[in-house]
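Take this structure first; my questions come after.
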Amino acid sequence: MAPQKRRTAFPKVLIESDTDSEQSSSEEEEEEQEVDPPSEEENENKDKIEDSNDAKKKGKATITISLKKVCKVCKKAGHEAGFKGATYIDCPMKPCFLCKMPGHTTMTCPHRVTTEHGVIPAPHKNIQNPVEFIFERQLRPGITSIKPPYVIPDQVNCAAIRYHSRRVTCLEFHPTNNHILLSGDKKGQLGVWDFAKVHEKTVYGNIHSCILNNMRFSPANDGTIYAASSDGTISCTDLETGISSSLINLNPDGWQGPASWRMLYGMDINSEKSVVLVADNFGFLYLVDARSNSQTGKAIMIHKKGSKVVGLHCNPFQPDLLLSCGNDHFARLWDMRRLEAGSSLCNLEHRRVVNSAYFSPLSGCKILTTSQDNRLRIWDSIFGNLDSPSREIVHSHDFNRHLTPFRAEWDPKDPSESLAVIGRYISENYNGTALHPIDFIDINTGQLVAEVMDPNITTITPVNKLHPRDDVLASGSSRSLFIWRPKEKYDDAERLDMRKIVVFGGDEKKHGKKSRDEYDDDDSDDEKFNFKGKNVKAKKSKKETTPYCRKAKR
DNA sequence: ACTGGATGTTACC
DNA sequence: TGGTAACCCTCCAG
């Protein structure tokens with residue numbers, strides 16, 4: 001850094017305090033703004049250094065520090081945005097934080113989550129192509145339209161745990177063992193937790209060196225998990241032994257700068273073809289043969305060049321159909337037999353980045369997407385008209401760079417394929433506490449079926465997964481994991497005392513200097529890694545098993 | 001009970 | 001088209 005000259009004489013400091021305006025009525029204050037724009041200008045610039053002409057002549061500057069209260073959102077005086085107790089007051093100068101439309105705030109938004117979400121109904125579609133006709137005649141009857149009553153896991157009465165040292169990024173239930181939950185975090189750690197025996201967990205710490213973005217169980221072996229990471233590798237880990245190998249490593253030469261560092265985001269497995277599909281941050285799809293552990297063919301550009309492909313999903317019913325989504329504002333439908341750049345069957349347009357796109361879990365006929373424009377979109381039939389979504393549901397799940405992106409997930413048990421779960425970004429004031437519920441939404445009507453929360457969980461819960469067989473919800477909120485079950489099925493005695501949240505060792509505050517790597521909440525998801533390239537073919541993961549309760553959280 | 005810092009995406013030039 | 005400032009409900013440590 002260039003050496004700086006010290007001023008010989010300290011400049012005159014003028015402090016504009018807020019006292020004047022507080023003494024005057026608010027009406028006066030507003031008037032003052034209107035008739036005297038320069039003063040507003042001054043208010044806008046807190047700590048502004050202003051050289052007066054007089055001072056300039058003498059070679060001294062006058063520092064004007066404005067202590068007048070300004071809105072932290074728009075920097076204008078006369079109002080303030082932020083929490084008043086547990087209620088957040090929006091800045092009236094900005095468009096609605098929920099639906100993004102100007103003219104009102106979240107409080108008065110017609111889509112505000114109170115009893116139901118805003119639904120924008122489908123444009124009337126009366127064009128029926130032959131495929132759609134056949135679908136309606138032959139396949140639709142297979143999907144029950146009779147909705148069984150929803151069972152909502154709405155109480156943390158089983159287990160809560162914290163062993164991740166970074167925010168949770170993904171969750172996966174074991175395909176056969178009902179009590180095993182796998183979790184990945186921003187640091188790349190993989191947790192295996194038996195939530196029936198609350199204290200039993202294993203954390204694999206050296207499989208990946210940064211964000212574990214997605215994971216899937218091997219369809220051939222339920223003791224094996226595949227994971228895609230921003231370190232550019234796909235790992236294949238044996239859950240019993242912790243032995244892990246890399247299927248591919250897209251950064252064999254290590255860190256050569258952000259322009260070349262490839263990160264893996266979307267991942268899924270096509271069990272029919274025994275192919276692991278992954279996609280990277282530059283728009284490319286890679287196919288890896290799960291038997292030979294080798295890449296088949298070349299990488300295919302499936303999204304806009306240079307854009308992240310954050311989600312991949314193979315159709316559960318029709319294995320040749322692939323769904324992808326990413327930062328180019330599109331979800332795209334592909335035929336696996338004809339995969340090449342620009343050959344998508346369909347492009348589902350969104351107004352902003354698409355966080356996730358999933359086929360419905362049973363029939364695979366519907367598509368549910370989550371976009372950064374605060375809308376869930378439902379396409380009712382992949383055989384029908386996909387030019388526009390059948391419905392848009394306004395829901396608060398905005399991007400915040402410090403959070404794992406929200407993804408609406410289907411309930412895999414719901415035979416009517418109408419229930420979805422997604423965490424909510426904006427809070428509500430519940431008895432004086434600002435809480436961020438987990439929303440259960442009927443995607444046919446847009447109605448909010450349930451909002452699930454616990455007064456002890458004040459953090460946002462962007463990661464949620466419903467159990468494939470049991471009435472269980474697993475959620476990841478910041479660094480913690482929670483297991484929810486239906487209140488109605490358990491009496492209060494079984495309710496978990498949230499003070500007994502289990503926090504395992506290795507996460508406890510250390511005294512003295514902490515290394516940057518250890519504690520900074522560095523969300524350096526993409527560019528600023530400091531790791532050397534690793535190209536490990538097979539390695540034994542370090543097992544950190546700490547079977548004791550370390551601390552009771554308030 | 002504060003405050004600072006980490007840093008992805010977008011809008012704008 | 002590339003570079004960069006701005007950015008609304010975080011979260012945790014100090």
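A note on names: the letters A, B, ... follow the listed sequences, proteins ahead of strands, and every chain is numbered from 1. Since the model is a prediction, treat every value here as computed from it, not as a measurement.
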Atom-pair distance (NE2 on A:H402; P on B:dG4), nearest Å: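 The answer, rounded to whole Å, is 15 Å.
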A:F97 CZ to C:dC7 C1': how many Å, rounded?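 Taking CZ of A:F97 and C1' of C:dC7, I get 10 Å after rounding.
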Nearest to the side chain of A:R401, heavy atoms from C-beta on, is which of B:dG8, C:dC12, C:dC9?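 Minimum distance to the A:R401 side chain belongs to B:dG8.
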Within this structure, what is the CH2-to-P distance between A:W261 and B:dG8, rounded to whole angstrom?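 Answer to the nearest Å: 15 Å.
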If only side-chain N and O atoms of A:K186 are considered, is one of them under 4.0 Å from the OP1 or OP2 phosphate oxygen of B:dA6?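 No, because none of the side-chain N or O atoms of A:K186 sits under 4.0 Å from OP1 or OP2 of B:dA6.
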Sugar-phosphate only, base, or nothing, as touched by A:P95 at under 4.0 Å among non-hydrogen atoms: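 Base contact - A:P95 has a heavy atom under 4.0 Å of at least one base atom.
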May I have the distance from A:K100 (atom NZ) to C:dC9 (atom P), rounded to whole angstrom?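 A:K100 atom NZ is separated from C:dC9 atom P by 10 Å.
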Counting only side-chain nitrogens and oxygens, does A:N327 get under 4.0 Å of the OP1 or OP2 atom of B:dT9?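 A:N327 to B:dT9 OP1/OP2: side-chain N or O found under 4.0 Å.
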I want to verify a distance call: between C:dC9, B:dT10, C:dC11, whose nearest atom is closest to the A:L403 side chain?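 Looking only at heavy atoms from C-beta outward on A:L403, the closest nucleotide is C:dC11.
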A:K75 NZ - C:dA5 P separation (whole Å):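 To the nearest whole Å, that distance equals 15 Å.
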Between A:I211 (CD1) and B:dA6 (P), how many Å, whole number?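 A:I211 atom CD1 is separated from B:dA6 atom P by 17 Å.
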Classify A:F83 by what it touches in the nucleic acid, base, sugar-phosphate, or nothing, heavy-atom distance under 4.0 Å.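 Base contact.
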As a test of reading the structure: which of C:dC9, B:dG8, C:dC8 is closest to the side chain of A:K94, going by heavy atoms?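 The nucleotide sitting nearest to the side chain is C:dC8.
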For residues A:I460 and A:S477, report the shortest heavy-atom separation together with the two atoms involved.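 Looking at all heavy atoms of both residues, the closest pair is O-OG, 2.7 Å.
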Looking at A:S478, I'd like to know whether one of its side-chain N or O atoms comes within less than 4.0 Å of OP1 or OP2 on C:dC12.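 Checking A:S478 against C:dC12: at least one side-chain N or O falls below 4.0 Å of OP1 or OP2.
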Please tell me which of the listed nucleotides, B:dT10, C:dC11, C:dC9, lies nearest to the side chain of A:V353?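 It is B:dT10.
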Looking at the side chain of A:H329, which of C:dC12, B:dT10, C:dC8 is the nearest nucleotide?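 Ranking C:dC12, B:dT10, C:dC8 by closest atom to the A:H329 side chain puts B:dT10 first.
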Indicate the ring-plane relationship of A:Y88 and A:F83, choosing parallel, tilted or perpendicular according to the 30° and 60° boundaries.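 Plane angle over 60°, so perpendicular.
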Rounded distance (Å) that lies between atom C1' of C:dC9 and atom CG of A:L435: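 Going from A:L435 (CG) to C:dC9 (C1'), I get 12 Å.
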Whole angstrom is fine here: how far is it from CD1 in A:I460 over to P in C:dC12?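 To the nearest whole Å, that distance equals 11 Å.
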side-chain hydrogen bond (donor to acceptor under 3.5 Å, both in side chains) between A:Y163 and A:S480, worked out: CA-CA 7 Å; A:Y163 52 73; A:S480 301; over 6 Å; no
Carboxylate-amine/guanidinium proximity below 4.0 Å for A:K100 and A:D398: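 Counted as a salt bridge, because a side-chain N and a carboxylate O are separated by less than 4.0 Å.
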Would you please confirm or rule out a distance under 4.0 Å between OP1 or OP2 of C:dC9 and any side-chain N or O of A:N400?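 Yes, because at least one side-chain N or O of A:N400 sits under 4.0 Å from OP1 or OP2 of C:dC9.
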For B:dA11 and C:dC9, measure between their C1' atoms and round to the nearest Å.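 The answer is 22 Å between these two C1' atoms.
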Between A:D185 and A:S165, does any side-chain donor sit less than 3.5 Å from a side-chain acceptor?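 Note: A:D185 and A:S165 side chains miss the donor-acceptor criterion.
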